[in-house]
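When a ligand or atom number is given, it counts from 1 through the structure's own listing order. Only a predicted model underlies this, so the values are computations on that prediction, with no experimental measurement involved.
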Amino acid sequence: MLAVGIAALLGCATLAAMPFAGVRLEGTEPVLPAYAAGLAVVEIMTGVLLLATLTLSRHRAVTVVAAGYLFSGLLAIPWAISFPGVFPALGLDVDVQSTATLAAVRRLGFASSLLAYAALRLADGPESGRGQSKGSLLACVFAVAAAAVAVSVLALSGVGKLPRFMANTREVAPLWSYVPAAAMTLYVLTAGMLLAARRSVLDLWVTVVVFTLAMELFLLSYVAGGTRLTIGWWTGRVLGLVSASMVLTVLVSQTAILYARLADTTARDRQDREARLTVMEALSASIAHEINQPLSSMVTNAYAALRWLGKPEPHVPEATAALQDIVGDGHRAGRIVEETRSIFRKTGGERELLDLPAVLEEALDRLRFDVARAGVRLAVEPFRGPVIVSGNRIQLEQVVCNLVTNALEALRGIVGRERLVTIRCRREGNWAVISFADNGPGVAQPQASRIFDPFFSTKSNGMGMGLMVCRTVIEAHGGQLWLEPDAGAGATFSLRLPALDQGRDGGRE
Ligand code: ADP
């Protein structure tokens, strides 16, 4: 679309210039070196960039067109130097035919390379093998440069032996008419082949280049009648520069897009890696979090056992009980590690049919001392009867312990009123619902949306894993865990699990 738009715009420019094509622009010679320098730089850069793309994938067609751009760019330099009246200060005594010979070789050489490109595109297809080595590309650059130097030397030194293209410094001789005719034929053939072979973006843009070159030639040779430095001639020159810049612009923008895509992919890769890392960190942090409780209990029991045994008359039964507790805690720690791993393996751990009220009671029993030490009253409104769930005892107990421990920690700063944690159990259809309410400071709004995120904690020594693990466990059991919105003073966390019995006599309706 863009290519067609540009071609149309250039067509309009050609038409607009036609009425004034023959008007001579005196004294414009000094502009010529700037034009030639621009043309040379653009064409040489295009050639080099095209060659650079060949290190990625080998295309004979691209090699040929890159060589064409290099050759044409290099020849623009001697063409400008030899242009009559451009560098009088250099005292160059160049034959008037030299410039025209260089122009003819340059134009026909480039047109031939475009035709070869089109022919090879038609023959080769889009892809032909792996990239070319840097050595072979350098050899290509040297060969083209050598050819350009040879042509320049011959054209600049062959005074008297060159074809008579020019009648004088401005008007062309009849012999010149073969050059635009030959070039035009090459352009038409190239355009035809490219339209048949068109597969890549480069094909499309080379087609536009050919179209622009044809218009340039039309202006230069037919509209301006081959007379140099007229409006038609200069318009043609500008078209030539535009056409030379076109492939370069496409190449540079394609490269920029490629780089942007590459940067995007790299960023996404990094995010994936970080996400994987977070899961690893979450796994290790959650193991540490869950195992802390049995560990501290083991340490307390070990001290107790040492004290019982260190007395003048060792109390063996008490010491034995403490040591048995240590063994129990050790086993529990081992099971927690196994369970935590299974949560992250998404296997859900070992399942069995459980009586939920019994699981709750057992977990609360383990917390008896912590509740008493925190000066908290625990009010429990139990289920009315058994509630059967399918689940993992250790994991569900862990959830209860976490929620109650969080409530105890939240109540730590409360003075001057009773510290209260209320646990309410009820049935809602096939769901068994347990709420843990405390009359602590509650959860402020900005934090409320983040408290289930891993590593979110407002405590100086908190790991921010507890609620995340709780939610993972409850969801793995087919249930939900949430923070009640607007639950009044304090915070209320509720969980629900699918109950397997009918629930008629299983709880408070
Ligand atoms: P941690 O205990 O390591 O902070 P949690 O995941 O258990 O991690 O809790 C995350 C955060 O949620 C806590 O830091 C706290 O700010 C908030 N929170 C949890 N429970 C309560 C509660 N009962 N009352 C007030 N805030 C709470």
Engineer: Would you say L467 has any N or O atom under 3.5 Å from an N or O of ligand 1, going by distance alone?
Structural biologist: yes
Engineer: Kindly give the heavy-atom pair with the smallest separation between V387 and D355, and that separation in Å.
Structural biologist: N-OD1, 3.0 Å
Engineer: I need the atoms of ligand 1 closer than 4.0 Å to a non-hydrogen atom of S457, numbered in the order shown.
Structural biologist: 1 (P), 3 (O), 4 (O), 14 (O)
Engineer: Is the positively charged end of R471 above the ring of F452, judged by distance under 6.0 angstrom from the centroid and angle within 45° of the axis?
Structural biologist: yes
Engineer: Would you name the heavy atoms of L356 and A432 that are closest together and state the gap between them?
Structural biologist: CD2-CB, 3.8 Å
Engineer: So, regarding E409 and ligand 1 (criterion: nitrogen or oxygen to nitrogen or oxygen, under 3.5 Å), is there a contact or not?
Structural biologist: no
Engineer: Between side-chain atoms of residues 298-312 and protein atoms elsewhere (two or more places apart, or another chain), which donor-acceptor pairs fall under 3.5 Å?
Structural biologist:
residue : atom : partner : partner atom : Å
T300    : OG1  : S296    : O            : 2.7
N301    : ND2  : S297    : O            : 3.2

Engineer: As an exercise, identify every atom of ligand 1 less than 4.0 angstrom from a heavy atom of F456.
Structural biologist: 10 (C), 11 (C)
Engineer: Could you list which atoms of ligand 1 come closer than 4.0 Å to a heavy atom of G442?
Structural biologist: 25 (C)
Engineer: Quick one: does F493 get within less than 4.0 Å of ligand 1, heavy atoms only?
Structural biologist: yes
Engineer: Below a 4.0 angstrom heavy-atom separation, can you tell me which part of L403, side chain or backbone, both or neither, approaches ligand 1?
Structural biologist: neither
Engineer: Answer with yes or no whether Q447 contacts ligand 1, where contact means a heavy atom under 4.0 Å from a ligand atom.
Structural biologist: no
Engineer: Is the shortest side-chain heavy-atom distance between V359 and E397 below 4.5 Å?
Structural biologist: yes
Engineer: Decide yes or no for L50 and T46: does some side-chain heavy atom of the first lie under 4.5 Å from some side-chain heavy atom of the second?
Structural biologist: yes
Engineer: Does F71 have any ring pair (Phe, Tyr, Trp, His ring centres under 6.0 Å) partners at least two apart in sequence or in another chain, and if so, which?
Structural biologist: none
Engineer: Out of all atoms in ligand 1, which are within 4.0 Å of some heavy atom of A491? Include the element for each.
Structural biologist: 22 (C), 23 (N), 24 (N)
